[in-house]
Structure formats: C-alpha cells, structure tokens
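Below, chains carry the letters A, B, ... as their sequence lines are ordered, and counting in each starts from 1.
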There are 2 protein chains.
Amino acid sequence: MKLTTKGRYAVTAMLDLAIHAESKPITLSEISERQGISLSYLEQLFAKLRKNELVKSVRGPGGGYQLFNSPADIVVAKVIDAVNESTDVTACGGKGNCHDGKQCITHDLWCELSEQIHQFLSGITLQNVIDKQKAKEEAQREDNLRPSEPNNTFILSQVS
Amino acid sequence: MKLTTKGRYAVTAMLDLAIHAESKPITLSEISERQGISLSYLEQLFAKLRKNELVKSVRGPGGGYQLFNSPADIVVAKVIDAVNESTDVTACGGKGNCHDGKQCITHDLWCELSEQIHQFLSGITLQNVIDKQKAKEEAQREDNLRPSEPNNTFILSQVS
DNA sequence: TATTTACCCGAGTATTTTAGTCGGTTATAC
DNA sequence: GTATAACCGACTAAAATACTCGGGTAAATA
Ligand code: FES
Ligand code: FES
C-alpha cells in the first residue's frame, strides 16, 4: 500500500487543522511552522485534499483551510487515499494478472492484507486520534514519575 | 511498512520451494524460470533468507535450496522481515522522536497499524496459502462455468 | 484601484530507493 | 579436472519520492 511521508504529512496536517479549529481558517504557513513541513509541499498535498472534499479553502487575506466535515466524520483512510491514491499492496492492482496474464499464487494473500489495512484505517477518525492523545497527556500529568508505558487502545486489540 | 516486489518475490519463491518440495533441493534457475524472477536478484534474496534460517542450501551439482522448516511452521511475516528488514510504518522507527525529538501526534496511530499488519502476516503460514490455493483450484474445476468469485477466508474476517 | 494576503497550479529537480546486472569465487558431485 | 550451482560484493539503471520554483488568481483592506 505504500505508506510514506506523503501520507503521514497529510494526516498530521489534517490533525493540526482539527486541533486548532476555530471559526477562522488556518493558513498553511501556520501548519508548516507548527509541524515542520515545507510550505510548497503542503500546498501540493492540500490541492489533493481539497479535490477529495476533505478540506475547504478560503482565499485572500484572513483565508486558509478548514476541515470539510467534523473530525469525527473524517477517517484516516480517506486522508491517505486522497494523497497516495491506493492502499493496495498487490502487484497487479487487484486485476490478478501479474504472472503473465494469470493470477499469481500470492494474489489472494495481498488482497486480504490490503483489505485488513484499509479496514483498520477506515475505523479510525481524526477525533479518535485526538481523544487518544488527550487521554495520554492527562495520564502523564497525573503520574509523571513513571516513563510512559505503551497503551494501544484504538481498537480492542486481540494481543495475547 | 513498505511492501514491494522484494517482499513479494521472496514469498513467491518460498511458496515455489514449498510446492515443489522433494528430497532433492531446488535450484534458483528453476524458480527463476517458473516464477519469472531474475536469477541474480533471487540470489540476493536467498542470501538473506538463508541468514535468517528460512532456507538451507546445498552447494555443487544437484544442489539448490530447501525450506529450513516445514511450510506449516513458516509464517509470511518472517519471510518479508528477512528481506525487507522492517514491517514498521512509523517515521521514527518506533523511537518516538520524529517531531524534533518529541513524539508526534500520529505516532501511536502508525505504531498500532504496524502491529496490526504484523499480526496479520504472522498468522498465515506458507501451508495456509497453499491449502487455500488448492481449495480454490478444486472449486473452479467443479463449476468452471462461473467466473471466479472472491472468497477471503484466510482469517474469519469481520467484514459486515 | 492599489496592495497585500494566501490559495492555486504546473513544471522542474535533487535525492533516495528499488530492482537488477556483472564479474568473479568457492564448494561439491561426477 | 570439469561442470554445476551456491556465494559475494560492487556497481548501475530506472523509478519514486520529496521537494523547489515561478508565476498565477481571488478576495479583503486601505
Ligand atoms: S498480485 Fe495479483 S496476480 Fe499477482
Ligand atoms: S512517527 Fe514516531 S514520533 Fe512521529
């Protein structure tokens, strides 16, 4: 599926937008500085995010970007899809023709993995990520003696 | 995590080895021809697979490669790890320092996705893939009128 | 209406990664 | 000793990524 900085930047920027959401739009310069992402690169990403109706823009002075929907209605998968154009890990792109026209022995395997990844990322909204972050900070404030212990609770994970 | 042809080739080659397993070792030339993978490239991959004790080699005439363990004891995750060196999707490599020393807002998200992927690929053995393939071929032989309909059953998937 | 702000857009480029080649060495069966 | 096939390191072509650059265009303010 190809998860690279492009996708990571996009999610980070969207989260920044969600966190600093006000009535006023947020400029890319702000995001650029806060998150340490090149402004020109952000512009490229936001062009795609806008085309996919994940953000809306306001031009001119006082302008900037705002989330198209509420953070609770935007899933991470959409954001990555928007800039990366596929969360698919097959060689054939789902067509089943990578072994000279015929479907290769590994095809089904990659198909299912793709599905798995997509399902995971489709189940997490921007709001989920923010809530988790807040909970974590609060926990750290209460007992900031211990070094942070990992707590994976986006999903009730089936770790044994 | 970066799933590319390198990892796909490795899995394909291992499956080829599993399917054509005999008392005799299999040469890379055979695999190269059957699977359409460059011989020299295969050599590179198998060097890593051998170092990770996934295959064992026999040199000289009549030599070649054999699986180190039974196909039922080799999980796909190991194969990919061996050649790709990480199924990790974080920017920081798990260190939590990608936002100038501090952990970024998306860190936990990528950590959990990595975990998810790794768990999926750790639950599937080469034998699983082969069995699935066989079942599929058999089903197609019985009613080869209909075009193949997808059946994802590696895992009892929770698709709604 | 001039100016400033900040989005908009396409093209171009440096860097990195991937995929693959090449030339040669070593072990072993016959 | 000769053919076979694994072993090894270095090198390279091609593709993808992560940017930059230069100029737009819409809108608010003065
Ligand atoms: S990955 Fe789809 S046919 Fe090989
Ligand atoms: S991904 Fe780990 S700190 Fe950003």
Side-chain angles (χ1 to χ4, degrees), chain A residues 1-13 17 23-33 35-68 80 83-86 88-89 91 93 98, chain B residues 1-13 17 23-68 80 82-86 88-89 91 93 98:
Chain A
M1 66 139 194
K2 171 174 67 164
L3 189 38
T4 162
T5 56
K6 206 193 294 187
R8 286 196 220 101
Y9 278 176
V11 175
T12 302
L17 222 50
S23 47
K24 284 213 156 201
I26 311 291
T27 97
L28 289 190
S29 311
E30 289 176 66
I31 300 179
S32 169
E33 227 171 276
Q35 306 297 338
I37 306 172
S38 139
L39 176 61
S40 316
Y41 201 37
L42 272 179
E43 284 185 344
Q44 263 183 51
L45 301 181
F46 272 77
K48 294 188 180 182
L49 293 175
R50 193 174 59 93
K51 273 168 201 155
N52 284 267
E53 299 204 322
L54 289 166
V55 297
K56 54 192 167 189
S57 65
V58 180
R59 302 180 70 157
Y65 286 94
Q66 285 176 312
L67 294 183
F68 201 93
I80 292 171
V83 294
N84 260 18
E85 51 245 24
S86 90
D88 178 87
V89 297
C98 88
Chain B
M1 62 138 196
K2 168 175 70 164
L3 189 38
T4 162
T5 57
K6 205 194 295 186
R8 286 197 221 101
Y9 279 176
V11 175
T12 303
L17 223 48
S23 47
K24 285 213 155 198
I26 312 292
T27 94
L28 290 189
S29 310
E30 291 177 65
I31 301 179
S32 168
E33 227 170 276
R34 268 198 294 261
Q35 305 298 339
I37 307 172
S38 139
L39 176 59
S40 317
Y41 200 37
L42 273 178
E43 285 185 344
Q44 264 184 52
L45 300 181
F46 272 76
K48 295 188 180 183
L49 293 175
R50 194 174 59 92
K51 274 169 199 152
N52 284 267
E53 297 203 323
L54 288 167
V55 297
K56 52 192 169 191
S57 64
V58 180
R59 301 179 71 156
Y65 287 93
Q66 284 175 313
L67 294 182
F68 201 93
I80 292 172
V83 295
N84 259 19
E85 53 245 23
S86 90
D88 177 88
V89 297
C98 89

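Across all strands shown, A:Tyr9 has heavy atoms under 4.0 Å from sugar-phosphate atoms exclusively, and none from any base. Residue contacts shown for A:Ser29 are absent, as no nucleic acid heavy atom lies under 4.0 Å away.
No donor-acceptor distance shorter than 3.5 angstrom exists from the side chain of B:Ser57 to the backbone of B:Tyr65, with no hydrogens or angles considered. With hydrogens and angles ignored, the 3.5 Å screen pairs a side-chain donor or acceptor of A:Ser32 with a backbone N or O of A:Ile37.
With sequence neighbours left out, A:Glu30 forms a salt bridge (charged side-chain N to carboxylate O under 4.0 Å, His left out) with A:Arg34. For the side-chain hydrogen bond (donor to acceptor under 3.5 Å, both in side chains) test, no residue two or more places apart in sequence or in another chain qualifies with B:Gln66. Residues meeting the salt bridge (charged side-chain N to carboxylate O under 4.0 Å, His left out) test with B:Arg59, sequence neighbours left out: none.
Once rounded to the nearest 0.5 Å, the distance linking CD1 of A:Ile80 with OG1 of A:Thr4 reads 11.0 Å. Taken to the nearest 0.5 Å, the OG atom of B:Ser29 stands 5.0 Å off from the CG atom of B:Leu39.
Distance CG (B:Leu49) to P (D:dC7): 11 Å, rounded to an integer number of Å. Atom P of nucleotide D:dA6 and atom CG of B:Leu17 are separated by 11 Å, given to the nearest angstrom. Distance, A:Arg8 CZ to D:dT17 P: 12 Å, rounded to whole Å. Nucleotide D:dT17 holds its C1' atom 15 Å from the CD1 atom of A:Ile37, rounded to whole Å. In this entry the distance linking NZ of B:Lys48 with P of D:dA6 reads 18 Å, nearest Å.
The side chain to side chain contact (heavy atoms under 4.5 Å, CB included) test with B:Leu17 singles out one residue from B:Thr12, B:Leu54, B:Ile31, and that residue is B:Ile31.
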What pairs of donor and acceptor atoms, side-chain ones from residues 42-52 of chain B against any protein atom, are under 3.5 angstrom apart with sequence neighbours left out?
from, atom 1, to, atom 2, distance (Å)
B:Asn52, ND2, B:Lys48, O, 2.8

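Mapping A:Gly63 and A:Arg50 onto DNA chain C by nearest heavy atom places A:Gly63 closer to the 5' end of the strand. Nucleotides of DNA chain D nearest to B:Thr27 and A:Lys6 differ in position, and the one nearer the 5' end is that of B:Thr27.
Extent of DNA chain C lying under 4.0 Å from chain B heavy atoms, first and last nucleotide in 5' to 3' order, is C:dT18 to C:dA29.
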Contact state string [nucleotides 20-30 of chain D, B base, S sugar-phosphate only, - no protein heavy atom under 4.0 Å]: B---BBBBB--

